[in-house]
Protein chains: 2
Amino acid sequence: MSGNKPTTIKEIARKLKISPSTVSRALNDHPSIGDVTKDRVRKIAEEMAYEPNQTAIFFKQRKTFTIGVILPKLSEPFFSDAISTIETVAEEKKYTVLLGQSLDNEQRELNIVQSFKKHRVDGILMSLGKNTANMDYLDILAKTEIPIVFFDCVPDLPNVHKVYSDLSTGMMEAIDAFIDRGHHKIALINGPESLLASKQRSEYFIKALKQRGLAVDTNYIVHTDLTEQGNEDAMESLCALADRPSAVVSFNDFVTLDLIRYAKQRGIVMNQDMYFISYANYPLWKYMDNPPMGSIEQYPDQQAQRAAEILFDCIDKKEAVEQAQEVIFPSKLVLK
Amino acid sequence: MSGNKPTTIKEIARKLKISPSTVSRALNDHPSIGDVTKDRVRKIAEEMAYEPNQTAIFFKQRKTFTIGVILPKLSEPFFSDAISTIETVAEEKKYTVLLGQSLDNEQRELNIVQSFKKHRVDGILMSLGKNTANMDYLDILAKTEIPIVFFDCVPDLPNVHKVYSDLSTGMMEAIDAFIDRGHHKIALINGPESLLASKQRSEYFIKALKQRGLAVDTNYIVHTDLTEQGNEDAMESLCALADRPSAVVSFNDFVTLDLIRYAKQRGIVMNQDMYFISYANYPLWKYMDNPPMGSIEQYPDQQAQRAAEILFDCIDKKEAVEQAQEVIFPSKLVLK
DNA sequence: TTGTAGGCGTTATCAT
DNA sequence: ATGATAACGCCTACAA
């Protein structure tokens with residue numbers, strides 16, 4: 001039960017009085033080795049509890065059969081779904097998954113990338129943190145030739161592989177749903193203006209309103225820093241308007257949780273005085289007495305699956321991945 | 001942007017017309033190397049974008065600076081909290097985390113252990129799946145000398161390191177809370193009888209009732225297989241009783257979500273006709289109109305932290321870990 | 001202060 | 001069918 005080192009091929013060879021190469025070949029079922037020898041080797045290997053030293057093999061093959069996954073935080077169902085899918089795909093390819101949560105912290109993101117690089121992962125799947133602006137690691141990785149595929153929260157750059165959800169389709173459906181139900185005072189509670197995700201929501205929101213012939217009231221577009229306080233403040237500023245909106249598209253379901261709670265405190269009746277639709281389609285709404293009118297599904301599993309496939313294509317050096325891949329899934333409104 | 005291999009120490013040596021060992025030492029700031037040489041080496045290394053090949057180092061050191069974490073599923077907040085803590089501790093020790101979700105599947109658990117062993121992780125943190133009975137990997141790991149520390153859902157074996165939550169304290173508090181509020185018809189909706197977790201809940205439930213002088217009505221102890229249907233069935237069987245209980249301890253918050261929904265459908269008014277307390281203390285209750293009376297916190301972060309510490313002690317070969325460590329945190333009722 | 005040589009475990013190449 | 005040798009990149013005892 002103490003420091004007895006693992007058996008090596010050499011030891012087997014010595015015991016059998018044959019050469020290490022023969023042992024190696026026998027163990028790998030090489031055709032040129034006789035069945036007798038193979039059997040003898042296998043038997044002894046079994047007895048001595050031989051286990052190939054993968055670190056040696058990785059080293060020699062210049063491959064680790066490991067991919068790194070970097071995402072903001074696993075406590076968001078979107079990402080815990082995604083990682084499950086990634087794991088499944090990886091498992092099929094006999095790969096193992098190295099995990100890193102950035103917690104939306106740019107510095108951590110960089111550290112994780114560095115650490116993954118150190119560990120010589122064969123590839124990286126990454127969803128950016130909410131505030132990430134700096135893309136230095138792209139250079140770092142380009143130098144090291146480690147393929148990287150972004151998903152969900154992707155950088156606004158050409159020449160990188162990315163898989164994400166098209167927020168506009170869901171937005172259009174949301175606005176449609178609101179208008180069809182007679183709403184014309186529709187607001188947007190958006191995330192921080194710096195985020196690409198926010199810019200997109202904003203853009204699609206305005207586009208959708210215009211397309212349906214509604215005027216865009218800038219008072220109806222407010223921002224939250226995504227903290228509980230920020231969410232409440234955003235809601236408050238909407239409620240303070242003389243002409244309060246009757247429908248709200250919110251950044252995501254987490255924000256909406258706070259909005260609904262705040263609204264209730266203020267005596268605003270859900271789905272009567274005010275209607276909500278947000279992004280994410282988290283599974284918890286079915287347990288709520290006052291769920292939002294709908295939520296926009298962004299398909300974490302599909303995104304993760306596709307991103308993982310592209311990554312493995314890169315790793316396996318398929319031709320198709322010479323150019324940067326860009327895969328976009330439409331988002332979809334799900335009524336509650 | 002193509003197959004130019006990473007710089008090696010040899011190449012730097014050649015370029016500088018000095019020996020590889022000198023380069024190695026210079027790079028590692030060895031005291032015997034002159035400052036001039038160090039500077040020259042560092043400069044060239046920088047220029048040539050030298051990166052030490054960790055796989056070579058791992059191979060040589062017989063260490064990977066990697067720990068494997070195996071847990072049932074990250075979609076449970078308990079585990080996503082736990083993994084965050086583990087990552088933090090690992091990061092401090094310059095370790096990276098390999099992830100494996102067992103999805104409560106024993107075969108997967110074994111595969112993951114095998115895969116981790118292949119990757120020569122320096123240690124493993126593991127929380128068992130709900131149905132795991134087979135502990136073969138313990139032998140596997142013992143042979144390989146890979147330390148393993150269990151947390152939360154731990155095996156009922158001696159001689160293994162384990163960190164878990166004492167369910168009895170929370171149960172006692174729950175029963176106390178119910179009784180103090182005048183309840184004496186108290187039921188338990190338990191998980192599958194096969195689970196250790198269920199056996200414990202059952203045992204502590206009965207013990208707590210007896211301790212407070214209440215009779216134990218076996219009709220008041222029902223089981224669910226933890227599916228939505230199972231949860232509803234369990235609730236149904238309680239509601240069907242002539243003498244319906246007014247208070248229920250349930251297996252966990254997920255079960256309680258279904259119970260509450262079912263109860264509401266049946267016109268049972270929460271916290272009036274019926275009161276609930278369950279294990280987990282998930283963060284979502286604050287958003288619910290009808291939260292349970294309370295929930296029992298099991299401190300994922302503390303458990304994970306402690307387990308990780310023990311694991312690193314094992315890895316660092318501290319004396320203290322020669323005997324199997326067993327750390328128990330009391331669970332605690334949190335009223336809503 | 002620096003260089004030389006050997007080895008970590010495995011496998012591929014070239015012999016025999 | 002099997003063996004000897006070299007090499008992957010790095011480190012380090014020993015030598016100079």
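Lettering follows sequence order; numbering is per chain, from 1.
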Practice problem: Mark yes or no for whether A:Lys38, through its side chain, and A:His30, through its backbone, hold a donor-acceptor pair below 3.5 Å. | Solution: yes
Quiz prompt | Value in whole Å for how far the P atom of C:dT2 lies from CG of B:Leu16 | solution = 11 Å
Quiz item: Can any side-chain N or O of B:Glu109 pair as donor or acceptor with the backbone N or O of B:Gly129 at less than 3.5 Å?
Solution: yes
Quiz item: Tell me: CD1 of B:Ile18 to P of D:dA16, nearest whole Å?
Solution: 21 Å
Quiz prompt | Rounded interatomic separation in angstrom, taking CD from B:Gln54 and P from D:dC8 | solution = 19 Å
Quiz item: Ignoring hydrogens and angles, are the base of D:dG9 and the side chain of A:Arg62 linked by a donor-acceptor pair under 3.5 Å?
Solution: no
Quiz item: Does D:dC8 have OP1 or OP2 sitting under 4.0 Å from an N or O in the side chain of B:Lys10?
Solution: yes
Exercise. Check ring pair (Phe, Tyr, Trp, His ring centres under 6.0 Å) between A:Tyr299 and all other residues, then give those that pass, not counting sequence neighbours.
Key: none
Exercise. Mark yes or no: B:Lys118 above the aromatic ring of B:Phe116, with NZ or CZ under 6.0 Å from the six-membered ring centre and no more than 45 degrees from the axis.
Key: no
Exercise. Round to the nearest Å and state the distance from A:Gln61 atom CD to C:dG9 atom C1'.
Key: 12 Å
Quiz item: How would you label the contact of B:Pro20 with the nucleic acid (heavy atoms, under 4.0 Å): base, sugar-phosphate, or nothing?
Solution: nothing
Quiz prompt | Near-parallel close stack of B:Phe59 and C:dC8 base (under 5.5 Å, under 30°) | solution = yes
Exercise. Answer with base, sugar-phosphate or nothing: what part of the nucleic acid does B:Phe58 contact at a heavy-atom distance below 4.0 Å?
Key: nothing
Practice problem: Using the six-membered ring of A:Phe58, assess whether NZ or CZ of A:Lys60 lies under 6.0 Å from its centre and within 45 degrees of the ring axis. | Solution: no
Self-check item: Candidate nucleotides C:dT2, C:dG3, D:dC10, ranked by approach to the side chain of B:Ala56 - the nearest
Solution: D:dC10
Exercise. Taking only the side-chain nitrogens and oxygens of A:Thr22, find out if one of them lies under 4.0 Å from OP1 or OP2 of D:dT2.
Key: no
Quiz item: Do any side-chain nitrogens or oxygens of A:Asn53 fall under 4.0 Å of OP1 or OP2 in C:dC8?
Solution: no
Self-check item: Protein-nucleotide distance (B:Lys118, atom NZ; C:dG9, atom C1'), rounded to Å
Solution: 15 Å
Quiz item: How many Å lie between CG on B:Leu27 and C1' on D:dC11, as a whole number?
Solution: 12 Å
Practice problem: Rounded off to whole Å, could you give me the CG-to-C1' distance for the A:Asp35 and D:dT2 pair? | Solution: 15 Å
Quiz item: Of all the nucleotides listed (C:dT10, D:dC10, C:dG3), which has the minimum atom distance to the side chain of B:Ser19?
Solution: C:dG3
Practice problem: Map B:Lys60 and B:Arg25 onto DNA chain C by nearest heavy atom, then report which one ends up closer to the 5' terminus. | Solution: B:Arg25
Quiz item: Looking at A:Ser24, does any N or O in its side chain come under 4.0 Å of the phosphate oxygens OP1/OP2 on C:dT11?
Solution: yes
Quiz item: For A:Thr55, which contact category applies under a 4.0 Å heavy-atom criterion: base, sugar-phosphate, or nothing?
Solution: nothing
Quiz item: Has B:Thr8 got a side-chain N or O lying under 4.0 Å from the OP1 or OP2 atom of D:dC8?
Solution: no
Quiz item: For the pair made of CZ in B:Arg120 and C1' in C:dG9, what is the distance, rounded to whole Å?
Solution: 9 Å
Quiz prompt | Beyond-backbone contact of A:Met126 with A:Val149, side-chain heavy atoms, under 4.5 angstrom | solution = no
Self-check item: Which nucleotide in D:dA1, D:dC11, C:dG9 has an atom nearest any side-chain atom of A:Ser32
Solution: D:dA1
